[in-house]
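FYI, side chains are in, hydrogens and waters are out, and symmetry mates aren't considered; it's all heavy atoms of this structure.
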Amino acid sequence: MKPRIEPLTGKKLAGKHLTMSLANNTTGLLWQSFMQKRKEIANVIGTDLYSMQLYDPSYFESFNPAATFEKWAAVEVSSFDQLPEGFEPFTLPSGLYAVFTHIGGPSTGSQTFQYIFQNWLPASDYKLDNRPHFELLGAKYSNNDPNSEEEIWIPVRAKE
């Protein structure tokens, strides 16, 4: 599984977020809440959904399933005007990303992430950058479908 390395131009996102951990994963609740009012968001660009994670810089130093992070369910917007109640703006900063395609349902996602962080990243010319991580859920994404496709965007920068 070889990624493409892609520069990302900053984006405006509108969505909802929760603080969670892998041990206490509330992703389903977050997405359920988001999807109920998603159609009320004005100025939406495209149909892609963003599943975004914000990690503390020390999060990846040692694996701890109880370590918390902020998870977002969001869409891209052209403007932050007229956000529905309970939705918040987020500006995704520009930067370089390693983009992987994951094929399969959520049950196989951990294998893909394990490969990225334990195999690809240490052997690559890149290291993690402290910016948001996200999955782009596009037209080929179908929740819990073994043929589902999503893009995993990992923030990177060149090793020094």
**Q** Quick one: do the Lys16 and Ser33 side chains pair a donor with an acceptor below 3.5 Å?
**A**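 Their side chains do contain a donor-acceptor pair, which is all the 3.5 Å distance test asks for.
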
**Q** Give a yes or no answer on whether the side chain of Asn25 reaches the backbone of Thr27 with a donor-acceptor pair at less than 3.5 Å.
**A**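 Yes, the answer is positive, given that a donor and an acceptor are paired below the 3.5 Å cut-off.
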
**Q** Has Arg4 got its NZ or CZ under 6.0 Å from the middle of the six-membered ring of Tyr97, at an angle within 45 degrees of the ring axis?
**A** no

**Q** Donor-acceptor pair, Tyr115 side chain versus Met1 backbone, under 3.5 Å?
**A** yes

**Q** To the closest 0.5 Å, what do you measure between CG (Leu92) and CD (Glu76)?
**A**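 If I round to the nearest 0.5 Å, the distance is 9.0 Å.
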
**Q** Answer yes or no: are there more than 12 heavy-atom neighbours, outside Lys159 itself, under 6.0 Å from its atom NZ?
**A**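 Correct, the count exceeds 12.
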
**Q** Mind checking the CG-CG spacing from Leu18 to Asn24? Nearest 0.5 Å is all I need.
**A**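 Output value for this atom pair is 10.0 Å.
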
**Q** Using 30° and 60° as the class limits, which term best fits the ring planes of Phe34 and Phe87: parallel, tilted or perpendicular?
**A**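 Ring orientation, 0 to 90° scale: tilted.
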
**Q** Looking at Phe100, Phe113, Phe60, which one forms a ring pair (Phe, Tyr, Trp, His ring centres under 6.0 Å) with His133?
**A** Phe60

**Q** Side chains of Tyr141 and Asn143: donor-acceptor distance under 3.5 Å anywhere?
**A**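 Side-chain D/A pair, Tyr141 to Asn143: present.
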
**Q** Using every non-hydrogen atom in the two residues, find where Val44 and Gly46 come nearest and quote the distance to one decimal.
**A** CG1-O, 3.4 Å

**Q** Are there more than 12 heavy atoms of other residues, nucleotides or ligands under 6.0 Å from atom NZ of Lys127?
**A** yes

**Q** Got a second to check how far Leu128's CG is from Arg157's CZ, nearest 0.5 Å?
**A**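 The CG atom of Leu128 sits 9.0 Å away from the CZ atom of Arg157.
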
**Q** Give a yes or no on whether the backbone of Ser142 and the side-chain of Ser148 come within a donor-acceptor separation of less than 3.5 Å.
**A** yes

**Q** Check the side chains of Glu149 and His102 for a donor-acceptor pair under 3.5 angstrom, ignoring hydrogens and angles.
**A** no

**Q** I'd like to know if the side chain of Thr26 reaches the main chain of Leu29, judged simply by a donor and an acceptor atom lying under 3.5 Å from each other, with no hydrogens or angles considered.
**A** no

**Q** For residues Trp72 and Phe90, establish whether the separation of their ring centroids is below 6.0 Å.
**A** yes

**Q** Near Gln82 CD, under 6.0 Å, is it more than 12 heavy atoms from other residues, nucleotides or ligands?
**A**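 For Gln82, atom CD is not crowded (no more than 12 foreign heavy atoms under 6.0 Å).
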
